[in-house]
Every structure is written in structure tokens, then in C-alpha cells.
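Encoded as C-alpha cells, the structure appears first; notes follow it.
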Amino acid sequence: MSQTPPLLRVRGLHRRFGDLDVIVDLDLEVDAGRALAITGPNGSGKSTALRCIAGSDEPTAGTVELDGKTLDERSPAVRRDLAVVLDDMSFFPDLSVVEHLDLLARAHSIEDIEGVVDAVLTDVGLLGQAGRLPGTLSSGQRRRLALATAFVRPRRLLILDEPEQRLDSAGLTWLAERLNAEKRDGLGILLVSHDAALVESVADDVLALEPR
Ligand SMILES: Nc1ncnc2c1ncn2[C@@H]1O[C@H](COP(=O)(O)OP(=O)(O)OP(=O)(O)O)[C@@H](O)[C@H]1O
Ligand SMILES: [Mg+2]
């Protein structure tokens, strides 16, 4: 009997920058409906690992598989499955908050675009800022917009780099609830976090990277 492969499987991931081995032989798995948190001190390679897994950086060695198939970030099916919010999210300066979300929903052929965008704006607390340009938002509001971009599109795996960044205490409570709701909906979550309370509340497994 063949076993179903995990949603995400990473084997032997290695990333070297010059003489520095930042990621050495990293293995991890994320199943649907579960969350894995990567923790570790500044510079331990957490963001590098996420970028290599999400396909925005090239590992020196190792394999990344979705459903047992090598992840190819150029494939539309993979792009549909992966919702990624890294720490360097940038926005179009002349598109409003609602226009960003509308554009993403459209690009992913979401049905009922207006309904979905409205629900996400309400959920992330940006309804009052819907018409504003990213440059006029506070840093926490920009972070909420970054998170909203993941929730307005199809997804099976969420990859989040320090999603707690800049959020106020109500925002942190909302984030933990939202991520737990995503798990209940069957999503897998791979997150990097420095927030022990968020990790405690959301993560089923924790992978602690060592200082480099
Ligand atoms: N493009 C790059 N070129 C050279 N070195 C890099 C590059 N990207 C990352 N590094 C190095 O890799 C190491 C790990 O960086 P990374 O950003 O992955 O750490 P991190 O664990 O995410 O830290 P933080 O908690 O501060 O976000 C650091 O020493 C960093 O300087
Ligand atoms: Mg980082």
C-alpha cells in the first residue's frame, strides 16, 4: 500500500553564501492541517530556509517536494497552492489596498471577488484603509496588507516569515486565531517566528535552528 506523501517535504537542504554554510542538511515535513514553526536567533538561516523552500532563492543542494513532486515555482498549480509572505514584501505604490487584493483575487480566478476581498479586508482590520495607497499606511497596517495578500487567494500551504511583525496585541490575538482557523480548513503552515506565544498557540512542531 502506498503512503500519501506529506504536503511539503524538504530533504537535505543546504545553502552556502561564499564561505558561509547558512543551512546545513535541513529536513522537514509539513502535513495538511498542521503547522511547523522554525525558530532560532538572528542570522541562524530561518529566512534563507523559507526563501529556498518557496523558490525565491536557489538552494545549494537538497530537494523540496509538494505532494511528493519536486516543487517548481513556475508551475501555475504550485503557484496556486503556495501563499507566501516573506519579510521583504513590497507593494505597487500607486495601487490602493483594495486594488492590491482585487488584483490578486482576479489573477487567481477567484469567484465572488468583491465578497472575498471585503471579507479579508474586514478580517485583517483594513476596511477603513481600503482606498489608501500603501505608502500612506502605518507599518502595522502594511503588515496586515501583506498578510491579507495570502488570505485573498487560493492556498494549501502558507509560508510566513515572522507574520507577527509590527502587529499590536489585538493583531497578535487575531493572527493566532486566523492561523488556527487555516489549519482547521486543512492548510499546512510553515512559519518562522520570534513570538513564543504565537508558536505555542499555532505550532504542532517546532524546529529550532542553531546560531551560525
Ligand atoms: N544573499 C545573501 N548573501 C550573503 N549572505 C546572506 C544572504 N542572505 C542571507 N545571508 C546570510 O545568511 C545568514 C542567515 O540569514 P537569514 O536572513 O536567513 O537569518 P534569519 O535567521 O532569518 O535571521 P533574523 O532572525 O534576523 O530574521 C546571515 O549571516 C546572513 O548574513
Ligand atoms: Mg529572517
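Note that ligands are numbered from 1 as they come in the structure, with each ligand's atoms numbered from 1 the same way.
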Quiz prompt | Atom indices of ligand 1, in the order listed, that fall short of 4.0 Å to a heavy atom of L20 | solution =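 Atoms satisfying the 4.0 Å criterion: 29 (O).
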Exercise. List the steps, then state whether salt bridge (charged side-chain N to carboxylate O under 4.0 Å, His left out) holds for R144 with D168.
Key: CA-CA 11 Å; R144 285 166 185 261; D168 54 27; 3.2 Å; yes
Quiz item: Does some non-hydrogen atom of the protein lie less than 4.0 angstrom from atom 6 (C) of ligand 1?
Solution: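 True for atom 6 (C) of ligand 1.
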Quiz item: Does the protein place any heavy atom closer than 4.0 Å to atom 3 (N) of ligand 1?
Solution: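 Neighbour list for atom 3 (N) of ligand 1 includes protein heavy atoms (cut-off 4.0 Å).
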Quiz item: Checking side chain to side chain contact (heavy atoms under 4.5 Å, CB included) for the pair L158/F151: CA distance, chi angles, key distance, verdict?
Solution: CA-CA 9 Å; L158 277 174; F151 298 135; 4.1 Å; yes
Exercise. Could you check atom 9 (C) of ligand 1 against the protein and tell me its nearest heavy-atom contact, residue, atom and distance included?
Key: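 Ranking protein heavy atoms by distance from atom 9 (C) of ligand 1, first comes F17 CE1, 3.5 Å.
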Exercise. Using a 4.0 Å heavy-atom threshold (strictly under), name the region of P41 that reaches ligand 1: side chain, backbone, both or neither.
Key: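 Within the 4.0 Å criterion, P41 contacts ligand 1 through backbone atoms alone.
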Practice problem: Pick one of side chain, backbone, both or neither for how R212 approaches ligand 1, counting any non-hydrogen atom pair under 4.0 Å. | Solution: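 R212 to ligand 1: no contact under 4.0 Å from either part.
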Quiz item: Of the backbone and side-chain N, O or S atoms of T48, does one lie nearer to the Mg ion (ligand 2) than 2.8 Å?
Solution: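 So T48 does not count as coordinating the Mg ion (ligand 2).
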Practice problem: For the pair T149 and L101, evaluate side chain to side chain contact (heavy atoms under 4.5 Å, CB included) and give the outcome as yes or no after the intermediate values. | Solution: CA-CA 6 Å; T149 63; L101 301 182; 4.2 Å; yes
Exercise. Please report the closest heavy-atom contact between H108 and R80, naming both atoms and the distance.
Key: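 Closest heavy-atom pair between H108 and R80: O-NH1, 3.0 Å.
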Quiz item: Considering all heavy atoms of both residues, which atom of I110 and which atom of I113 are nearest to each other, and what is their separation?
Solution: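 Heavy atoms of I110 and I113 come nearest at O-CG1, 3.3 Å.
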Practice problem: Would you check whether E162 reaches within less than 4.0 Å of ligand 1, judged by its heavy atoms? | Solution: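 So E162 counts as touching ligand 1.
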Self-check item: Non-hydrogen atom of G45 closer than 4.0 Å to ligand 1
Solution: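 The answer is yes: ligand 1 sits under 4.0 Å from a heavy atom of G45.
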Quiz item: Considering D57, L50, T48, which one's heavy-atom position lies nearest to atom 16 (P) of ligand 1?
Solution: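 The option holding the nearest heavy atom is T48.
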